[in-house]
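A, B, ... follow the sequence lines: proteins, then strands. Residue 1 opens every chain. No experiment lies behind these values; they were computed from the predicted model shown.
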Amino acid sequence: MFSSNSKLFLYNSLSRQKEEFIPLNEGKVGMYVCGPTVYSDVHLGNCRTFISFDVIYRYLTFLGYKVRYVRNITDVGHMLDDGEDRMSKGARIDQLEPMEVAQKYSNGFHDVMRVFNVLSPSIEPRATGHIPEQIEMVEQILENGLAYERNGSVYFDTLKFAEKTNQYGVLSGRIIDDLIAESRDNLKNQSEKNHPSDFAIWMKASDEHLMRWNSPWSVGFPGWHLECSAMSTKYLGEKFDIHGGGNDLKFPHHENEIAQNVGACGHQPATYWLHTNMLLMNGKKMSKSDGNTISPKELFEGDSVHVTKGYSPMTVRFFMLQSHYRSPNDLTDDGLQAGEKAFRRILEAIKSLNKIQGSSEQGSMDDKIDNLISLAWEDMNDDFNVPKALSRVFELVTIINTLKENKSETISVLSLDRCKKFFNDFIFNVLGLADDTVEGHGPMDGLMDIILKIRKQAREQKDWNTSDLIRNGLNDLGITVKDGKENTEWIINN
RNA sequence: GGUCGGAUGGCCGAGUGGCUAGGCAGAGGUCUGCAAAACCUCGUACAGCGGUUCGAAUCCGCUUUCGACCUCCA
């Protein structure tokens with residue numbers, strides 16, 4: 001548990017400004033994040049969003065909140081242009097049952113989340129597991145007169161909603177007057193909808209449609225915004241604290257979600273709406289269609305024209321954390337290389353921490369260290385400003401290295417412990433990073449001890465041939481030998 | 001066309017009305033048998049043009065330009 005005099009502020013997409021975080025129920029947080037649609041392999045952009053919210057989840061937990069984190073899996077309902085359910089299209093391509101497709105890609109998604117060290121949410125509900133709840137919500141919206149049935153399908157009446165509540169477009173800045181004005185010109189081209197901006201909350205299934213359920217209106221399937229409204233309400237209540245997702249979901253997904261919740265319950269669901277920005281690659285949005293994409297696996301293995309080598313999951317996670325969650329994150333090979341080195345410096349400094357002796361009296365670096373630690377936590381309280389907090393970490397790294405090398409600077413035992421705790425809390429617990437450098441594996445450590453002992457003896461006898469033979473040989477194997485003042489360290493290069 | 005958000009030093013990336021993060025790369029130095037590592041020092045950047053102000057990269061306007069969304073998207 002961490003206490004600070006600074007309060008947590010977060011940027012609310014609804015008000016477009018930072019607001020103090022005040023949970024509805026003291027000490028508890030309800031957070032809903034829109035999860036993936038499991039019809040294909042997880043996209044690296046998804047990973048960024050879920051890593052961002054993972055840090056938010058971890059930090060809220062670290063602050064002492066009891067967090068119920070709900071992140072759904074959408075396995076039904078998203079429509080294609082031709083009206084075919086996206087899940088069944090995936091099924092046709094893969095020659096699998098729809099639920100088999102969903103299971104396959106759910107598994108893949110979970111695997112990737114695991115290697116990125118993303119914590120599981122408290123609840124991970126599936127859309128197909130909540131059909132009755134969604135039907136109920138459609139009924140409520142119909143009762144409230146904000147939807148209409150047409151040939152077995154039910155559509156949300158955005159015009160009526162806009163006129164009645166004046167709320168449609170609050171998130172995305174869309175203007176109701178424009179919406180209403182549009183209605184005159186768009187009478188042509190109308191299918192079943194009264195207005196182009198109306199959206200389906202229940203769809204009648206066509207004959208070849210594989211995923212289908214009984215409902216009061218038809219055998220069909222729920223509309224593609226409804227599952228989030230229904231499941232967030234079920235597990236977090238009609239009102240909860242935080243709703244998150246990628247900013248490409250603002251419109252129409254979240255806008256329609258709000259409409260549905262207001263339409264069903266009379267008020268919108270979340271106090272704070274948080275949106276993460278996009279992951280770019282080489283300055284452009286990642287997109288499969290124009291080849292500007294890389295899968296997590298390709299990135300880890302270096303199996304892509306976009307990277308010169310593979311980067312470990314923790315390197316990628318660190319790289320993503322170097323930009324703020326509300327800023328675009330531009331993935332480049334240069335950037336990853338810089339991130340890899342920077343991350344290693346932090347890991348090395350953490351190891352160095354155990355080699356530093358603290359003094360019983362006040363140390364020369366104590367104040368600086370204590371100050372940087374509290375500044376880092378203040379940064380986190382300022383809308384989870386991880387990059388800024390990391391800048392404090394690097395200043396701490398410099399101090400740690402100084403303490404290690406320079407005996408004229410000192411640290412007290414108290415500050416040293418505080419520093420160790422900070423690195424453990426912040427780097428590992430809150431940022432969810434881990435040391436994934438491949439070392440310390442059983443016999444390897446002992447082996448290296450022996451080799452380096454031999455080299456030490458050679459050096460003491462000024463037998464540079466032998467000592468360089470060892471160093472160069474290890475280097476060829478991808479192991480860098482680092483001679484310090486007192487002892488020699490080694491590291492496996494990636 | 002509409003909505004929203006950007007343009008920061010070689011690259012990445014925070015931030016703020018005056019105290020001018022941080023990382024990577026680069027230069028010099030310390031250390032070292034040499035090298036690496038580590039440490040120290042250095043670089044004064046905020047698209048352009050106006051305006052507000054004692055003072056703006058930070059606020060306002062315009063221009064240029066980039067991106068996201070408006071259709072499935074994290």
Side-chain angles (χ1 to χ4, degrees), chain A residues 13 16 33-37 39-40 42-53 71 74 77-81 86 89 169 171-175 178-179 182 196-197 224 244-253 255 275-280 283-288 318-319 321-346 348-349 352 375 379 382 385-395 397-406 409 459 462-464 467-468 471-472 475 480-485 488-491:
Chain A
S13 300
R16 299 202 178 102
V33 172
C34 292
T37 304
Y39 73 106
S40 68
V42 64
H43 181 91
L44 197 62
N46 292 353
C47 297
R48 192 214 176 184
T49 294
F50 300 135
I51 287 171
S52 296
F53 283 107
R71 189 187 65 207
T74 294
H78 285 210
M79 307 262 300
L80 295 169
D81 287 339
R86 188 194 263 185
K89 178 155 186 183
L171 237 193
S172 56
R174 266 143 184 94
I175 297 156
D178 291 353
L179 189 70
E182 261 179 63
S197 65
W224 54 277
N247 77 182
D248 52 350
L249 291 181
K250 263 188 193 170
F251 190 89
H253 184 65
E255 201 71 73
H275 290 96
T276 57
N277 215 127
M278 295 294 98
L279 177 70
L280 312 177
K284 282 186 178 171
K285 187 188 175 183
M286 273 203 192
S287 153
K288 279 184 188 170
F318 178 81
F319 171 78
L321 293 177
Q322 278 185 299
S323 64
H324 187 89
Y325 79 90
R326 279 193 289 114
S327 300
N329 184 205
D330 190 5
L331 189 90
T332 60
D333 195 53
D334 285 349
L336 284 162
Q337 282 192 21
E340 183 173 61
K341 285 189 182 177
F343 180 44
R344 287 204 162 209
R345 261 188 81 204
I346 293 175
E348 288 300 302
S352 301
L375 284 174
D379 295 332
D382 181 17
N385 197 331
V386 175
K388 199 171 181 191
L390 277 174
S391 77
R392 319 291 189 187
V393 168
F394 282 107
E395 293 193 51
V397 166
T398 300
I399 291 173
I400 290 165
N401 289 332
T402 304
L403 286 166
K404 195 180 148 201
E405 299 286 324
N406 186 346
E409 300 290 354
R459 293 181 73 204
K462 298 199 193 301
D463 178 2
W464 310 129
S467 101
D468 287 352
R471 188 174 67 195
N472 295 337
N475 195 49
T480 302
V481 172
K482 302 193 288 190
D483 292 324
K485 266 191 177 159
T488 297
E489 294 170 1
W490 57 278
I491 187 171

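Here the side chain of K341(A) is nearest to one of C73(B), G22(B), C24(B), namely C24(B). Set against C69(B), C4(B), G13(B), the side chain of F251(A) has C69(B) as its closest nucleotide. When distances run from any side-chain atom of F50(A) to the nucleotides A21(B), G13(B), A74(B), the shortest one goes to A74(B).
Pairing each heavy atom of L280(A) with each of P328(A), the nearest pair is CD1-CB, 3.9 Å. Closest approach of T276(A) and T49(A) over heavy atoms only: OG1-OG1, 3.1 Å. When all heavy atoms of C34(A) and F50(A) are compared, the pair lying nearest together is O-CE2, 3.3 Å. When every heavy atom of N277(A) is checked against every heavy atom of R326(A), the shortest pair comes out as OD1-O, 2.9 Å. Contact between A349(A) and I400(A) at its shortest, heavy atoms only, is O-CG2, 3.6 Å. Contact between D330(A) and F319(A) at its shortest, heavy atoms only, is O-CZ, 3.2 Å.
As judged by a 4.0 angstrom heavy-atom cut-off over every strand, Q337(A) is placed among residues making no nucleic acid contact. Across all strands, H43(A) comes closer than 4.0 Å to base atoms (heavy-atom distances). Among the heavy atoms of the strands lying under 4.0 Å from N385(A) are primed sugar atoms or P, OP1, OP2 only; no base atom is included. Using a 4.0 Å heavy-atom criterion, one finds that G35(A) contacts the sugar-phosphate atoms exclusively.
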Between protein and nucleotides 65-68 of chain B, what N or O pairs are separated by less than 3.5 Å?
none

Write out a two-atom table: protein N or O, nucleotide N or O from nucleotides 38-41 of chain B, distance below 3.5 Å.
unit_1	atom_1	unit_2	atom_2	d
A38(B)	O3'	N401(A)	ND2	3.0
C39(B)	OP1	N401(A)	ND2	2.3
C39(B)	O3'	T402(A)	OG1	3.4

Check nucleotides 31-34 of chain B for protein N or O atoms closer than 3.5 Å to its own N or O atoms and list the pairs.
unit_1	atom_1	unit_2	atom_2	d
G33(B)	O6	S467(A)	OG	3.0
G33(B)	N1	D468(A)	OD1	3.0
G33(B)	N2	D468(A)	OD2	2.8
C34(B)	O2	R471(A)	NH2	2.8
C34(B)	N3	R471(A)	NH1	2.7
C34(B)	N3	R471(A)	NH2	3.2
C34(B)	N4	R471(A)	NH1	3.2

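Here the C1' atom of nucleotide G22(B) and the CZ atom of F319(A) are 15 Å apart, to the nearest Å. Across the protein-nucleic acid pair, E409(A) atom CD and U30(B) atom P stand 20 Å apart, rounded to whole Å. Atom pair R344(A):CZ and C24(B):P shows a separation of 13 Å (rounding to whole Å applied). As rounded to whole Å, 18 Å separates atom P of A21(B) from atom CD of Q322(A). Atom C1' of nucleotide A14(B) and atom CG of L321(A) are separated by 14 Å, given to the nearest angstrom. Taking atom NZ of K388(A) as the reference point, atom P of U16(B) lies 6 Å away to the nearest angstrom. Going from atom CD1 of I491(A) over to atom P of A36(B) covers 16 Å, rounded to whole Å. Atom C1' of nucleotide G9(B) and atom CG of D334(A) are separated by 16 Å, given to the nearest angstrom.
Between T398(A) and R345(A), the closest side-chain pair of non-hydrogen atoms falls below 4.5 Å. At a threshold of 4.5 Å between non-hydrogen side-chain atoms, the residues E395(A) and L375(A) do not count as touching.
Taking the P atom of each, A36(B) and G28(B) are spaced 12 Å apart, rounded to whole Å. Comparing the C1' positions of C54(B) and A47(B) gives a spacing of 27 Å, expressed to the nearest Å. Between the P atoms of U16(B) and C70(B), the separation comes to 30 Å (whole Å). Between the P atoms of C19(B) and A57(B), the separation comes to 11 Å (whole Å). For the C1' atoms, the distance from G9(B) to C24(B) is 13 Å, rounded to whole Å. G15(B) sits 26 Å from A74(B) when the P atoms are compared, rounded to a whole Å. For the P atom pair drawn from G48(B) and C31(B), the interatomic distance equals 44 Å after rounding to whole Å. One C1' atom belongs to A45(B), the other to U52(B), and the distance between them is 24 Å to the nearest Å.
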Apply side-chain contact (heavy atoms from CB on, under 4.5 Å) to F318(A) and L390(A), showing your working.
CA-CA 10 Å; F318(A) 178 81; L390(A) 277 174; 4.0 Å; yes
Worked verdict on T480(A) versus N475(A) for side-chain contact (heavy atoms from CB on, under 4.5 Å):
CA-CA 5 Å; T480(A) 302; N475(A) 195 49; 4.2 Å; yes
Mind running side-chain contact (heavy atoms from CB on, under 4.5 Å) on R459(A) and D483(A) for me, showing each step along the way?
CA-CA 11 Å; R459(A) 293 181 73 204; D483(A) 292 324; 3.4 Å; yes
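Electrostatic pairing of E348(A) and K404(A) does not count as a salt bridge here, judged by no charged N lying under 4.0 Å from a carboxylate O. Between K388(A) and D382(A), none of the side-chain N atoms (NZ, or NE/NH1/NH2) sits under 4.0 Å from a carboxylate O, so this pair counts as no salt bridge.
With sequence neighbours excluded, the residues that form a side-chain contact (heavy atoms from CB on, under 4.5 Å) with S13(A) are L171(A), K250(A), W273(A), H275(A). For Y325(A), there are no ring-ring contact (aromatic ring centres under 6.0 Å, His included) partners two or more places apart in sequence or in a different chain.
Comparing P252(A) and G245(A) by the nucleotide of RNA chain B that holds the closest heavy atom to each, the one mapping nearer the 5' end is P252(A). Residues K250(A) and S323(A) both approach RNA chain B. Their nearest nucleotides, taken by heavy-atom distance, put K250(A) toward the 5′ side.
With F53(A) as the aromatic partner, R71(A) does not meet the cation-pi criteria of under 6.0 angstrom to the ring centre and within 45 degrees of the ring axis.
Remark: RNA chain B forms stems of 3 or more consecutive Watson-Crick or G-U wobble pairs, all pair distances under 3.5 Å, at B:1-7 with B:64-70, B:10-12 with B:22-24, B:26-30 with B:38-42, B:47-51 with B:59-63.
Using a 4.0 Å cut-off, no side-chain N or O of S327(A) falls inside it from OP1 or OP2 of G13(B).
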